[in-house]
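These notes concern the structure reproduced below.
Just so we're on the same page: letters track the sequence lines, and every chain starts at 1. Note that the structure is a prediction, hence the values are computed from the model and not measured.
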Number of protein chains: 4
Amino acid sequence: MSETYQSALIVGAGSGLSASLARVFTKAGMTVTLAARSAAKLDEFVQETGSKAFNCDAAKRDEVEKLFTDLDTTQLTPDVVVYNASYRIRGPFIDLDPVEVEKSLRITAYGAFLVAQAATRRMLSRKRGAIFFTGASASVKGYAQSAPFALGKFALRGLAQSMARELSPQGIHVAHFVIDGGIRSVRRAEPPNAPDSLLDPDAIAQSYLHVLQQPRSAWTQEIELRPWVERF
Amino acid sequence: MSETYQSALIVGAGSGLSASLARVFTKAGMTVTLAARSAAKLDEFVQETGSKAFNCDAAKRDEVEKLFTDLDTTQLTPDVVVYNASYRIRGPFIDLDPVEVEKSLRITAYGAFLVAQAATRRMLSRKRGAIFFTGASASVKGYAQSAPFALGKFALRGLAQSMARELSPQGIHVAHFVIDGGIRSVRRAEPPNAPDSLLDPDAIAQSYLHVLQQPRSAWTQEIELRPWVERF
Amino acid sequence: MSETYQSALIVGAGSGLSASLARVFTKAGMTVTLAARSAAKLDEFVQETGSKAFNCDAAKRDEVEKLFTDLDTTQLTPDVVVYNASYRIRGPFIDLDPVEVEKSLRITAYGAFLVAQAATRRMLSRKRGAIFFTGASASVKGYAQSAPFALGKFALRGLAQSMARELSPQGIHVAHFVIDGGIRSVRRAEPPNAPDSLLDPDAIAQSYLHVLQQPRSAWTQEIELRPWVERF
Amino acid sequence: MSETYQSALIVGAGSGLSASLARVFTKAGMTVTLAARSAAKLDEFVQETGSKAFNCDAAKRDEVEKLFTDLDTTQLTPDVVVYNASYRIRGPFIDLDPVEVEKSLRITAYGAFLVAQAATRRMLSRKRGAIFFTGASASVKGYAQSAPFALGKFALRGLAQSMARELSPQGIHVAHFVIDGGIRSVRRAEPPNAPDSLLDPDAIAQSYLHVLQQPRSAWTQEIELRPWVERF
């Protein structure tokens, strides 16, 4: 009963989530391609799984165009895209650097638009595909001293909703994941006295895979994921 | 990595969803018990799966107490509960029968409280369990000519949120499912020219099972499910 | 440009908000009637303003019917109704008394339905009127150890939305006020070192009056009010 | 009891709302300054009220800096700012021009950040001021064929929430207005058979003034405004 896809593109290298997604999607039988501003960061993972990695600044239109053209020519045109890139700075509102705020909006939201549009153009002809966006608690609640992330993640959610209303009836599954909590990683270990207080990226990836496999009669547009002890 | 549970109680017989849940949970290795105002309606399903079915009006405190005592004595104390009961009437606001409005609130929301409280008492000692609530589009949007369902389903969502904030850190997974669309059933066939325009109850049940299996580092508290062509 | 109304009924005596509303509405030229489970509590205020006060348990259908019949016969049929009654208990989920939970749902939400239906019946013939509901932070967020209030206040919000979608186009202004914070009262004084950290009931009442006066081309259905220092 | 302010800056010339705000704020005793990409459009209004108008592309950092410096030197440093600028294009998702999408994000959301930051720097020293943002139905619901507006208006709402959580306790009133419906204007007349089906900009302005006058114990952070017959 579940949907199957062949080729997944994962954009953004943050938090180890992309690596977990690649691992889980590969195991489920998909060919996985990674794209990040610095593909070199993905080397270890590429060697482990045999995935291809591309350099791409998703906030730059020509780089996104080139990425998809390269994927087309190597028969890797994706029927699944996960947009996992984001950029944030924090600090008192009056001290925020406008250049950094613009960068946050561009990487977190505008790049998502660019990638989603390129992907949609390729999916629409087949009336089939899935485009997933990784949100955060900041997608639904604007926190103090965090205006840039609120700007970017709220915008991303608006994009996802608008796309879902337009593209779901055309066969493209558009979903938005509200990841509420820190993600466990090499750099961010869990406090020993607070087990499972950080999201396991493999567990997140399993939920992405589940939503990907949903048949079109029961698609998820939005889903929350948070650790059991996270306050919300 | 996924959570496993032993014994599931499903309350409410509506829409074929309970039957699908029972089938899917049974297949996943759980013992399933059903409870409904009229357990006789579940006969066919009980014969098919060997599940037990109990008569229980979930809006009545003594019947809920008796149900759980009976489950205790038959070693069927649930570590999973799905509350799937609801009652609705529709019509112009001024024509609504107050008795029916009260019934809607009682079955849709108050019964959920009674069942959840009885279940929580048994789960808390083990610091483990899952309580899932079936919501609707009416849980997040109050529709015209549908005040009773808005009252009941909004209340149910408030209950789920309050329980999640209190009980998640104590090991109980509380989740709320926003089912947005009609559910396919024997009585409600799909228009031939609108494939997959009604939610397949088996597909819904697969999403419940997925959420049930999530490890506690990445629990879903709320998730939407709707057909690809549903307007929202 | 602003709307004018003649006769306001305010239900519920809690927190001093009803008294402030009565004062502000009276000053704006309306005849104000109060109804509460214990009208005697309103004595002082009745003497001050000359308002009439009625005993009415809003959760009881016959008492609500009697109230509106009494208002009809004394030419006090309201074209404005504010539902301000609520009931709550707090505590660990497993310790909540089901009788109290039911009472919370009945007074906070079901009574609102009864009053709103009786009022709507009278307003619809004139295609004119306003029905306002007093919500709380619990209307939009279910707090731990507060399931009864979450049940009641979420339900009330669902009622308000459903009514607004149906009745606004028929000339009845239905609004829901999310009061997020404690309300200053005789019993609840403000900490001296936290000025204006509790909502001034007169300030709340001014916002109710503003919404009441809105012309129908720009009606508010929902509005939040909270102290400047309140966390949210 | 109500707050009073001296000097209001209104940014953006769209829909006649800015003109109505200027009129209503002037009548309430404030000095009003207008800023728009093309101040010439405001000529008629400037002659009518004696307000000053400045050319300013709010999406450009240097122009925003110059605007505020000019206001400082002419003793017009605002204690009230309304951000009313926005830009939108509509169309099938795959046909959207990325340059226009970026422009929509920049004018609708990034410009709001630039203006708000410049204003906040001046308000914080006095611990007093008000910054209001004009949202739309697109702020809370992403519509099909309208991704650019969803991106921009969602982002704006995120900015408003983040600022409110940080700056309200420092004395700055940050509010977000969800304007749900078309605004009546010279270019957009109302259908004769649908009276009051478009928002009267003067009525909107009255609600902005009310929120502006709220004492800090009962501040509105978000409020909806829509015509009585608008579907939502």
Side-chain angles (χ1 to χ4, degrees), chain B residues 59 61 64-65 91-99 101-102 104-106 108-110 112-114 116-125 138-170 172 174 176, chain C residues 59 61 64-65 91-99 101-102 104-106 108-110 112-114 116-124 138-170 172 174 176 221:
Chain B
R61 187 181 175 180
V64 172
E65 283 306 318
F93 185 68
I94 54 171
D95 295 338
L96 296 169
D97 178 351
V99 173
V101 173
E102 193 187 0
S104 178
L105 256 179
R106 287 185 66 84
T108 311
Y110 183 63
F113 162 75
L114 292 175
Q117 193 184 46
T120 300
R121 285 195 176 123
R122 286 152 177 90
M123 293 173 182
L124 265 189
S125 55
S139 306
V140 291
K141 184 174 173 181
Y143 290 89
Q145 305 224 341
S146 193
F149 211 46
L151 279 160
K153 285 294 188 186
F154 268 68
L156 182 70
R157 188 175 183 234
L159 171 68
Q161 275 192 20
S162 173
M163 287 180 61
R165 286 195 170 86
E166 178 175 341
L167 301 173
S168 291
Q170 300 187 64
I172 300 177
V174 181
H176 179 249
Chain C
R61 187 179 175 182
V64 172
E65 283 306 317
F93 185 67
I94 55 171
D95 295 338
L96 296 169
D97 178 351
V99 174
V101 174
E102 193 187 0
S104 178
L105 255 179
R106 288 185 65 84
T108 310
Y110 183 64
F113 161 75
L114 291 174
Q117 192 184 47
T120 300
R121 283 193 177 127
R122 285 149 178 91
M123 291 173 182
L124 264 189
S139 306
V140 292
K141 184 175 174 182
Y143 290 89
Q145 305 221 341
S146 192
F149 211 45
L151 279 160
K153 285 296 189 185
F154 268 67
L156 182 69
R157 189 176 182 234
L159 172 68
Q161 274 192 19
S162 174
M163 287 181 61
R165 286 195 170 87
E166 178 176 341
L167 301 172
S168 291
Q170 301 188 61
I172 300 177
V174 181
H176 179 248
Q221 202 280 310

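Side chain of C/S162 to backbone of B/G142: no donor-acceptor contact under 3.5 angstrom is found.
Both the backbone and the side chain of C/R121 come within less than 4.5 Å of a heavy atom in chain B. Contact of C/A116 with chain B is made through backbone and side chain together, with heavy-atom distances under 4.5 Å. Looking at C/Y143, the atoms closer than 4.5 Å to chain B (heavy atoms on both sides) all sit in the backbone: N, CA, C or O. Residue C/K153 does not touch chain B at all, counting heavy-atom pairs closer than 4.5 Å. For chain B, the nearby part of C/L124 is the side chain; its heavy atoms alone come within less than 4.5 Å. There is no contact between C/P148 and chain B, counting heavy-atom distances below 4.5 Å.
Expressed to the nearest 0.5 Å, how far CD1 of B/I94 lies from CD of C/Q170 amounts to 8.0 Å. The distance from atom OG of B/S146 to atom CG of C/L159, rounded to the nearest 0.5 Å, is 11.5 Å. Remark: B/L156 CG to B/L105 CG distance equals 11.0 Å, nearest 0.5 Å. The CD atom of C/Q117 lies 10.0 Å from the CZ atom of C/R122; values are rounded to the nearest 0.5 Å. B/D97 CG to C/R61 CZ: the interatomic distance, rounded to the nearest 0.5 Å, is 6.0 Å.
Contact count against chain C (heavy-atom pairs under 4.5 Å) is highest for B/P98 among B/A147, B/P98, B/A164. The greatest number of non-hydrogen atom pairs below 4.5 Å with chain C, out of B/V99, B/L167, B/L96, B/V140, is found for B/L96. The greatest number of non-hydrogen atom pairs below 4.5 Å with chain C, out of B/G152, B/A160, B/P92, is found for B/P92.
Under the side chain to side chain donor-acceptor pair (under 3.5 Å) criterion, B/Q161 pairs with B/R165, sequence neighbours left out.
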